[in-house]
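Atoms within a ligand are numbered from 1 in the order they appear, just like the ligands themselves.
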Amino acid sequence: MRKKIVAGNWKMNKNLQEGLALAQELDAALKGKQVNCGVVIGTPFIHLASVANAIDTEKIGVAAQNCADKASGAYTGEVSAEMVASTGAKYVILGHSERRAYYHETAGILKEKVLLALENNLTPIFCIGEVLEEREANRHFDVVKSQVTASLFDLSKEDFSRIVLAYEPVWAIGTGKTATAAQAQEMHAFIRNTLSEKYGEEVVENTSILYGGSCNASNAKELFSNPDVDGGLIGGASLGVDKFMPIIEAF
Ligand code: 13P
C-alpha cells in the first residue's frame, strides 16, 4: 500500500521565529491525534535545523524546498543535499514549477539534484505539471511525460522506488483555480501508467503521487478520494494550522 502524504510548501514565507512557531503549533495539534497520512512541512533552508529540533520528526517530516546540483565546493550561496540531510530534514522538494520558471532549472539539473538527494537519503518530492497554454493546446500529457522521463528515467528501480511525485498544474498554483477531481485523477492515472511501463506495476503501485495547486480544506476530500491521488502538496493553505489541519484530516 502506498503512503498517503499531506505536505506543506511554505515557499518564501515566515521568518525564523514565525516558522518555528507554526511548526510547533502543528506539532502540538498533532500530538496524541491519530491521522491517516504522513505529514511533511517544507520550510526555507534556514529554518530546517531549528524546526527539526523543535518537533517530533517521527510525526512530521521536514523538507527542504531545493538543494544544489553539486555535492560540495565553491558554489557560493548554494546548499547541498548533504547539508540538508544534516539538519534532520528527510525530504526535499525538487523541480517545483517556480524553480523551473524563475531559476531556470532544467531537466538535466534536476536529474543531478535527484541523484544527490537520494545519495544523502533524502526523499525527493519531485514536482511536474503543465502551464495553461500547454493544457489548452492539449499537450499536457506530453509535457508531464517528458518532465518525468527526462529527470527520473535513468534511475534504477530501487532508487525510483524512493521518489514521491507531485503533480502541480501551474495554472492551479496560487490562483484559487483547482484542477477538478476528474482532471487530477486523469493525469495521476496517466503518470502512474507512464511510470509502470518503465518500472513495472509492482514498484509503481507503491509510488505516492500528490496533487498540488490551490488545494484547501474545502476541496481536499474530493481530490484525495480519487484512487490515484495519494495526497497533496499545499502552498498557501499550509501557512496556518487552522487551514492545514483540516487538509490532513481529509484522509
Ligand atoms: P498553492 O497551494 O498556494 O496553490 O501552491 C501549491 C504549490 O505550489 C505547492 O508546492
Side-chain angles (χ1 to χ4, degrees), residues 4-14 18-19 22-23 26 37-45 47-48 60-67 84 89-103 105 110 113-114 117 122-132 134-135 140 143-144 147-148 151 163-181 183-184 187-188 191 208-224 226 229-251:
K4 308 290 184 194
I5 300 171
V6 172
N9 176 8
W10 293 0
K11 309 191 179 183
M12 197 174 73
N13 293 293
K14 307 279 177 194
E18 292 164 348
L22 172 57
L26 181 65
C37 62
V39 177
V40 174
I41 49 177
T43 83
F45 285 132
H47 300 49
L48 292 173
I60 307 174
V62 179
Q65 299 170 17
N66 182 26
C67 71
V84 169
K90 296 277 184 285
Y91 296 82
V92 58
I93 299 168
L94 292 174
H96 194 281
S97 59
E98 288 149 18
R99 299 230 40 104
R100 292 178 193 258
Y102 308 148
Y103 303 98
E105 294 195 0
L110 292 171
K113 293 188 179 200
V114 167
L122 293 169
T123 299
I125 301 177
F126 191 78
C127 305
I128 48 187
E130 80 285 358
V131 300
L132 187 61
E134 291 163 341
R135 179 164 279 265
H140 45 300
V143 167
V144 167
Q147 288 171 338
V148 169
S151 296
I163 305 267
V164 170
L165 281 134
Y167 169 58
E168 299 204 304
V170 180
W171 46 271
I173 296 178
T175 56
K177 198 175 167 203
T178 322
T180 63
Q183 283 172 325
M187 181 58 89
H188 283 228
I191 295 166
S208 302
I209 308 178
L210 316 183
Y211 167 82
S214 299
C215 185
N216 58 40
S218 358
N219 57 34
K221 220 181 192 97
E222 199 189 346
L223 285 162
F224 298 171
N226 288 294
V229 178
D230 306 309
L233 182 55
I234 319 296
S238 71
L239 294 172
V241 172
D242 57 328
K243 290 181 281 176
F244 195 46
M245 208 50 200
I247 303 177
I248 295 168
E249 288 173 328
F251 276 119

Using the side chain to side chain donor-acceptor pair (under 3.5 Å) definition, which of the options R135, Q147, H140 pairs with E130?
R135

Give yes if a backbone or side-chain nitrogen or oxygen of T175 is under 3.5 Å from a nitrogen or oxygen of ligand 1, and no if not.
no

Establish, from distance only, whether the side-chain atoms of E168 and H96 form a donor-acceptor pair under 3.5 Å.
yes

F244 and its side chain to side chain contact (heavy atoms under 4.5 Å, CB included) partner, picked from L22, L26, L239
L26

Under 4.5 Å between any side-chain heavy atoms of R100 and V170, yes or no?
no

Within the 4.0 Å heavy-atom shell around E168, which atoms of ligand 1 are there?
6 (C), 7 (C), 8 (O), 9 (C), 10 (O)

Minimum-distance protein heavy atom relative to atom 5 (O) of ligand 1:
K11 NZ, 3.3 Å

Taking both backbone and side-chain atoms of G235, is any N or O found less than 3.5 Å from an N or O belonging to ligand 1?
yes

From the list I247, N219, D230, side chain to side chain contact (heavy atoms under 4.5 Å, CB included) partner of F224 resolves to I247

Taking heavy atoms and a distance under 4.0 Å, where does I173 meet ligand 1: side chain, backbone, both or neither?
both

Does the N or O separation between H96 and ligand 1 drop below 3.5 Å for any pair?
yes

Side-chain (H47) to main-chain (A23) donor-acceptor, under 3.5 angstrom:
no

Per-atom contacts of ligand 1 with G236, taking only distances under 4.0 Å to non-hydrogen atoms:
1 (P), 2 (O), 3 (O)

Using distance alone, determine whether G174 and ligand 1 share an N or O pair under 3.5 Å.
yes

Please work out, at 4.0 Å between heavy atoms, whether the side chain, the backbone, both, or neither of A172 comes within that distance of ligand 1.
backbone

Would you say the side-chain atoms of Y91 pair up with the backbone N or O of I93, donor to acceptor, closer than 3.5 Å?
no

Mark up the atoms of ligand 1 that fall under 4.0 Å of a heavy atom belonging to G213, in ascending order.
4 (O), 6 (C)

